[in-house]
Enquirer: 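The structure that follows is given in the form of structure tokens.
Position 1 is the first residue of the sequence, and the numbers go up from there.
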Amino acid sequence: IRDCLLSRGLGDVYKRQPPGPRRARLVAATALLLGGLDEWLGADAARLGAALRFLAYGTHVAGGAGPAYRAVAALARAQGAGAAAAPPDTWRELAAAAAARGSSCAALEALGAVAPRLGAEDRLAAAARCAAVGAAAAGAGAARVARAAFDALLEASDGDAAYLEACGGWRALAAALAGAPAEAAAAAADVAGAAAAREGLADASPLARLAPLLVERAARAAAEGDGDAAWSLCWALGEVGAALPPEALGHLRGAADALVAGLALPAAAEVAAAALARLVRRGVPETSVDSSLDTSIARRYAIAAASSRCL
């Protein structure tokens, strides 16, 4: 591996192989190896650059593109403080290739990981692509594609409301909450919750517009018994309820019913109770304690409302 990286380069080695299954297997195996050597490669700019050039080639090889994109994501995430820097043009080339294959989970994962290495304009383009794919996901594999897309958007934006506005992220979140698969809605809720959790939110109007959609999807997830989706949606409701100004809390009407339904799902019960407690403390409409609640649910409700760790 060392000789290939520092002499002719891995891309040159495999380009001499005739097209077909053999080349695809070799590219895939090498990409898997490179992805596992992220720390070693990241310690030297020459090695890292050579590896990324090979992976850029690998993304165009049928049968090897998936492993290549996953290796790109691993190397991009390893670029922390003190790591060797790869040339910006290399990251830009990889991002462009990933964006062109936006229906691939591995490509979207790579796009989200590479986005922080790009300039501002390219980062916006990458985030916008992820958001658009996540909102439109449908058909076979839609849930995985949507989750990868919105995870990438969350990583690229870090929940920054202005960033989401600039790249069209709010529109994509609304589209996913309104009609995309449950997995897409849950991933969109993660992004909305992260934006709501940021301190100093300058403009709460996008969150206010999303609030009714979050309520509706949370109620639907609870009714369908989808604990994983309900967890994300209930968490987002709690964060949005804490972030909205008092005059906008009416947008959360019906949230209490959705959260109480979430209490019945083991996977979502704790986060639903915490969110319900936050809404009670904020005075969200229709969140007064209902004496008709099942005893076990009422007990959780009361404990959540009284527990400072849930607020």
Side-chain angles (χ1 to χ4, degrees), residues 5 9-11 14 24 26-42 45 47-80 83-137 141-158 163 167 169 172 183-184 187 190-191:
L5 284 174
L10 286 170
Y14 291 130
L26 288 170
V27 168
T30 305
L32 289 170
L33 176 60
L34 293 177
L37 294 174
D38 51 351
E39 292 186 6
W40 180 75
L41 292 170
R47 290 196 296 255
L48 178 62
L52 290 174
R53 286 193 296 275
F54 163 71
L55 293 172
Y57 155 73
T59 62
H60 299 287
V61 175
Y69 280 123
R70 284 188 284 272
V72 167
L75 294 179
R77 293 194 189 99
Q79 295 298 286
D89 287 346
T90 304
W91 291 123
R92 192 176 300 114
E93 178 186 353
L94 288 165
R101 290 177 58 94
S103 60
S104 159
C105 275
L108 287 170
E109 179 186 2
L111 187 57
V114 168
R117 314 293 160 207
L118 305 175
E121 184 174 343
D122 292 321
R123 288 183 69 192
L124 287 173
R129 176 61 180 167
C130 288
V133 171
R144 294 188 304 110
V145 170
R147 168 59 71 176
F150 281 96
D151 282 350
L153 178 59
L154 179 57
E155 185 169 345
S157 69
D158 192 27
Y163 190 103
C167 73
E183 186 76 3
D190 288 342
V191 183

Enquirer: Is any side-chain heavy atom of Leu75 closer than 4.5 Å to a side-chain heavy atom of Leu55?
Expert: yes
Enquirer: Measuring from Phe54:CZ to Leu34:CG, what's the distance to the nearest 0.5 Å?
Expert: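 Between Phe54 CZ and Leu34 CG, I get 6.0 Å after rounding to 0.5 Å.
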Enquirer: So which atom in Ala31 and which in Ala71 form the shortest heavy-atom distance, rounded to 0.1 Å?
Expert: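 Closest pair (atom of Ala31, atom of Ala71, distance): O-CB, 3.3 Å.
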Enquirer: Can you find a pair of side-chain heavy atoms, one from Asp190 and one from Phe150, that are under 4.5 Å apart?
Expert: no
Enquirer: Distance from Leu118 atom CG to Leu94 atom CG, nearest 0.5 Å?
Expert: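 One gets 9.5 Å once the value is rounded to the nearest 0.5 Å.
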Enquirer: If you round to the nearest 0.5 Å, how far is CD of Glu109 from CG of Asp151?
Expert: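 The CD atom of Glu109 is 9.0 Å from CG of Asp151, to the nearest 0.5 Å.
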Enquirer: Identify the heavy atoms of Ala106 and Gly66 that sit nearest to each other, and give their distance.
Expert: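 Heavy atoms of Ala106 and Gly66 come nearest at CB-O, 3.7 Å.
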Enquirer: I'd like to know if the side chain of Tyr69 and the backbone of Ala97 have a donor-acceptor N/O pair within less than 3.5 Å.
Expert: yes
Enquirer: Enter the distance from Leu108:CG to Arg129:CZ here, rounded to the nearest 0.5 Å.
Expert: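 Reported value, rounded in 0.5 Å steps: 7.5 Å.
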Enquirer: Write down the atom of Ala28, the atom of Gly63, and the distance for their closest heavy-atom approach.
Expert: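 Looking at all heavy atoms of both residues, the closest pair is CB-O, 4.1 Å.
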Enquirer: What's the spacing between Glu93 CD and Leu52 CG if we round to 0.5 Å?
Expert: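 Reported value, rounded in 0.5 Å steps: 9.5 Å.
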Enquirer: Shortest non-hydrogen contact from Ala172 to Ala135?
Expert: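 The answer is O-CB, 3.5 Å.
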Enquirer: Which atoms form the tightest heavy-atom contact between Ala24 and Val61, and what is the distance?
Expert: CA-CG1, 4.1 Å
